[in-house]
Protein chains: 2
Amino acid sequence: MVTIKDIAERAGVSRSTVSRVLNHSGYVSEDARKRVEKVIEETGYVPSEYAKSLRTKKTKVIGVILPTIQTETPSRIVTGLGRELSKHGYQILLANTDHDKEKEMEYLDLLKVRQVDGMVLIATNTEPELLQKMKKMDIPIVMIGQEAEDIVHVTYDDYHVARDLTRYFINKGHKKIAFIGVDETDRAVGYLRKKGYYDEMAAHGFPVEEEWIQQGIFDIDSGYEAMEKIMTRSQVLPTATFAVTDRLAIGAMSYLKKHGVKVPTDMAIAGIGASEISQYVDPPLMTVDYQNEKAGEEAAKQILAHINSKVFQKKIVLDYRLIERNSV
Amino acid sequence: MVTIKDIAERAGVSRSTVSRVLNHSGYVSEDARKRVEKVIEETGYVPSEYAKSLRTKKTKVIGVILPTIQTETPSRIVTGLGRELSKHGYQILLANTDHDKEKEMEYLDLLKVRQVDGMVLIATNTEPELLQKMKKMDIPIVMIGQEAEDIVHVTYDDYHVARDLTRYFINKGHKKIAFIGVDETDRAVGYLRKKGYYDEMAAHGFPVEEEWIQQGIFDIDSGYEAMEKIMTRSQVLPTATFAVTDRLAIGAMSYLKKHGVKVPTDMAIAGIGASEISQYVDPPLMTVDYQNEKAGEEAAKQILAHINSKVFQKKIVLDYRLIERNSV
DNA sequence: CTGTTAGCGCATTCAA
DNA sequence: TTGAATGCGCTAACAG
């Protein structure tokens with residue numbers, strides 16, 4: 001392996017001088033620089049990143065903890081993160097928890113051991129121990145998708161999205177609106193979206209039947225099952241359904257299609273997430289664009305600002321956009 | 001920052017002894033070990049991974065270069081890679097080229113600078129310069145998805161998949177079969193799948209009309225457009241269409257639905273990839289399962305074997321499985 | 001069983 | 001403008 005010492009010798013200068021031309025720091029004569037650059041060119045020398053890290057205490061690596069990479073939201077976020085980080089010479093060290101909450105905590109430690117300069121957590125829950133642990137980290141950290149006191153975070157306005165979407169149904173004349181949600185330990189997706197729905201219904205004085213409220217997990221099948229429950233158990237059938245993710249909505253539509261329920265005439269339906277497929281289902285699914293890539297970019301900017309001791313925002317709430325389509 | 005030196009002092013031993021208990025190497029008295037462990041516990045000390053790397057020349061990091069993380073194939077592969085690698089204490093350093101071939105080359109260098117122990121390339125092309133560069137790398141490297149001499153790779157049997165699928169159509173009575181492919185610089189997806197199709201058609205003596213052969217990119221829209229061309233330009237309309245990816249197939253189905261062409265009665269259709277959505281489109285799309293996660297796991301195993309100087313296979317071809325559904 | 005010593009590759013004083 | 005010296009935190013002989 002060729003090191004800075006070899007370059008120095010072959011160029012007839014000291015290691016310090018090589019270091020200087022490498023880092024464009026300090027004074028180096030035109031002559032010496034030329035010689036060093038020539039030798040570097042010839043040898044194909046590349047400085048050792050970890051030796052550098054040992055000195056500078058910087059790794060130029062950001063750890064990213066996520067629940068899965070197989071759904072569109074996190075993968076879009078990672079794309080945004082990567083795009084912004086690579087502009088500044090940072091790389092992403094991936095930590096996939098596979099929806100295992102224990103691993104979330106483990107990876108926090110592991111990434112610290114790896115001496116990452118910062119961490120981004122794509123969060124699915126806000127359990128106290130997790131937040132506690134994050135606060136104790138002496139590494140810049142940004143959470144995406146969930147809100148929390150004292151932790152820098154980038155979120156969506158889940159509550160108002162839910163109110164807006166519910167109101168959209170109502171403006172279209174619907175009064176009996178069902179809801180397919182997820183577990184409330186996911187505060188953003190599970191709790192806030194449900195609360196927005198309830199509050200908007202209440203604001204209009206519309207009652208909500210217990211059977212209209214169903215819960216799934218983050219896949220298509222559970223959307224199917226949720227809709228099945230809604231259709232088979234409700235005393236009064238709803239005329240619209242608000243699903244908190246596109247996949248749930250698509251599963252629900254799948255049930256409706258199978259049982260001859262027409263969308264949107266018999267049942268209007270909308271999701272959230274602007275998944276690619278949403279515009280190709282039949283009818284095209286109304287949804288909400290959350291700008292996930294931008295979330296990733298924003299998180300990257302904040303963490304870089306933090307690392308470089310610049311001012312950063314503790315809380316960023318991103319815009320959203322309803323995408324009106326024929327399913328409503 | 002607390003270092004090995006601090007631990008040594010507080011435990012009243014030498015740094016070597018601390019190192020020994022850390023690495024479970026050499027002999028350490030029960031007494032000394034206890035004291036050291038206690039101090040580590042108290043201080044929350046974690047060894048610096050990069051200082052360790054500087055000594056051992058191992059980083060326990062595998063670089064992964066991929067064209068995008070937003071489609072199911074690469075994200076499943078990464079999931080498989082991550083699962084296997086994490087078992088052995090390795091992490092993934094992500095390098096997303098965003099379909100930019102130049103970045104593919106750049107990242108090869110960058111990851112080397114990062115001193116990764118190995119690299120995995122999820123390949124979309126086999127351009128000579130790229131292969132050349134990979135061969136010159138003195139780091140273990142595995143390519144996934146494309147075949148190449150002298151480079152360790154994990155691939156699918158794209159040629160026979162295409163023949164099987166084409167034969168499946170033929171066995172169902174189809175003779176006029178259209179084909180939606182992609183650019184042939186992608187040898188596996190573009191060239192081999194097309195060749196399999198042509199060869200199988202030829203084997204049965206079925207002519208292929210020029211207009212039946214259309215090309216898209218890796219998205220749904222281009223599948224729509226390709227089908228539009230097939231339906232509007234063909235002298236003789238085909239009765240079946242083989243699309244090389246599910247997304248192309250779904251785009252094609254979207255066109256057919258819009259123009260009242262019934263699937264599968266007027267037009268049978270199949271894709272490749274076993275995307276999650278394939279079973280929820282109407283009718284469910286026939287496709288081929290490629291076991292992407294397993295590909296990731298296999299690649300991980302090979303690269304770990306390589307790193308640890310164990311025997312590894314230079315070439316792995318994975319199994320596939322036709323998933324029969326109502327679109328054919 | 002344990003401590004001493006050396007050095008991995010680099011950036012950064014400090015003198016010259 | 002340059003070089004010598006130092007040390008980042010760790011592991012690995014080696015000698016005891």
Side-chain angles (χ1 to χ4, degrees), chain A residues 1-40 43-61 89 110-117 138-139, chain B residues 1-40 43-61 89 110-117 138-139:
Chain A
M1 180 183 192
V2 35
T3 73
I4 199 172
K5 195 176 153 218
D6 303 322
I7 305 299
E9 283 170 3
R10 293 183 56 152
V13 298
S14 73
R15 295 177 319 195
S16 332
T17 302
V18 177
S19 178
R20 284 189 195 100
V21 347
L22 247 26
N23 298 294
H24 308 284
S25 63
Y27 297 102
V28 177
S29 66
E30 207 37 42
D31 184 47
R33 153 167 290 117
K34 282 271 163 58
R35 288 211 308 284
V36 170
E37 281 170 349
K38 185 156 171 289
V39 176
I40 288 177
T43 55
Y45 162 76
V46 285
S48 158
E49 204 64 28
Y50 50 67
K52 198 187 291 187
S53 294
L54 185 59
R55 278 294 323 219
T56 61
K57 304 292 169 205
K58 301 236 173 253
T59 55
K60 291 262 187 175
V61 171
L110 180 63
L111 290 176
K112 183 172 176 185
V113 172
R114 292 282 188 179
Q115 329 285 148
V116 296
D117 290 346
D138 46 355
I139 297 178
Chain B
M1 181 184 191
V2 34
T3 73
I4 200 173
K5 196 176 153 216
D6 304 322
I7 305 299
E9 284 169 2
R10 293 183 55 154
V13 296
S14 74
R15 295 177 323 202
S16 335
T17 302
V18 177
S19 177
R20 284 189 196 99
V21 347
L22 247 26
N23 299 293
H24 308 284
S25 63
Y27 297 102
V28 178
S29 66
E30 208 37 42
D31 183 48
R33 152 167 292 116
K34 284 269 164 58
R35 288 212 310 282
V36 169
E37 281 170 349
K38 184 156 172 290
V39 175
I40 288 177
T43 54
Y45 163 77
V46 284
S48 159
E49 203 65 28
Y50 49 69
K52 196 187 292 187
S53 293
L54 185 59
R55 278 295 321 223
T56 61
K57 304 292 171 204
K58 301 238 173 254
T59 54
K60 290 259 183 176
V61 171
L110 180 64
L111 291 176
K112 183 173 176 182
V113 173
R114 291 284 189 178
Q115 329 285 148
V116 296
D117 290 345
D138 46 355
I139 298 178

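Fair warning: this is a prediction, and the values are worked out from it, not measured in the lab. A note on names: the letters A, B, ... follow the listed sequences, proteins ahead of strands, and every chain is numbered from 1.
We find the OG-CG distance between A:S53 and B:L54 to be 10.0 Å, quoted to the nearest 0.5 Å. Rounded to the nearest 0.5 Å, atoms OG (B:S19) and NZ (B:K52) are 8.5 Å apart. Atom CZ of A:R55 sits about 11.5 Å away from atom OH of B:Y50, to the nearest 0.5 Å. The CD1 atom of B:I7 sits 13.0 Å away from the CZ atom of B:R15 when rounded to the nearest 0.5 Å.
Closest approach to the A:P47 side chain among C:dC10, C:dA11, D:dT11 is made by C:dC10 (side chain taken as heavy atoms from C-beta onward).
At D:dC10, one or more side-chain N or O atoms of B:Y45 fall inside 4.0 Å of OP1 or OP2 (strictly under the cut-off). Here B:Y27 does not reach the OP1 or OP2 of C:dG3: none of its side-chain N or O atoms lies under 4.0 Å away.
Screening B:V39, B:L22, B:D6 against B:Y45 for a side-chain contact (heavy atoms from CB on, under 4.5 Å) leaves a single residue, B:L22. Tested against B:S48, the residues A:K57, A:R114, A:Q115 include a single side-chain contact (heavy atoms from CB on, under 4.5 Å) partner, A:Q115.
The CG atom of B:L54 sits 10 Å away from the C1' atom of D:dT11 (whole-angstrom rounding). The NZ atom of B:K57 sits 12 Å away from the C1' atom of D:dC10 (whole-angstrom rounding). Distance B:N23 CG to D:dA13 P: 13 Å, rounded to the nearest Å. Between the CD atom of A:E49 and the C1' atom of D:dC8 there is a distance of 15 Å, given to the nearest Å. Atom pair B:I40:CD1 and D:dC10:C1' shows a separation of 13 Å (rounding to whole Å applied). Here the P atom of nucleotide D:dC8 and the CZ atom of A:R55 are 9 Å apart, to the nearest Å. What separates NZ of B:K52 from P of D:dA12 is a distance of 10 Å, to the nearest Å.
Nearest heavy atoms, B:T43 versus B:R10: CG2-NH1, 3.7 Å.
For the pair B:R33 and B:V36, the minimum side-chain heavy-atom distance is 4.5 Å or more.
Residues of residues 28-36 of chain B having a heavy atom closer than 4.0 Å to DNA chain C, listed by number: B:V28, B:S29, B:A32. Residues of residues 3-22 of chain A that place a heavy atom closer than 4.0 Å to DNA chain C, in numerical order, are A:T3, A:I4, A:R15, A:S16, A:S19, A:R20.
For the pair A:R35 (side chain) and A:A11 (backbone), a donor-acceptor distance under 3.5 Å is present.
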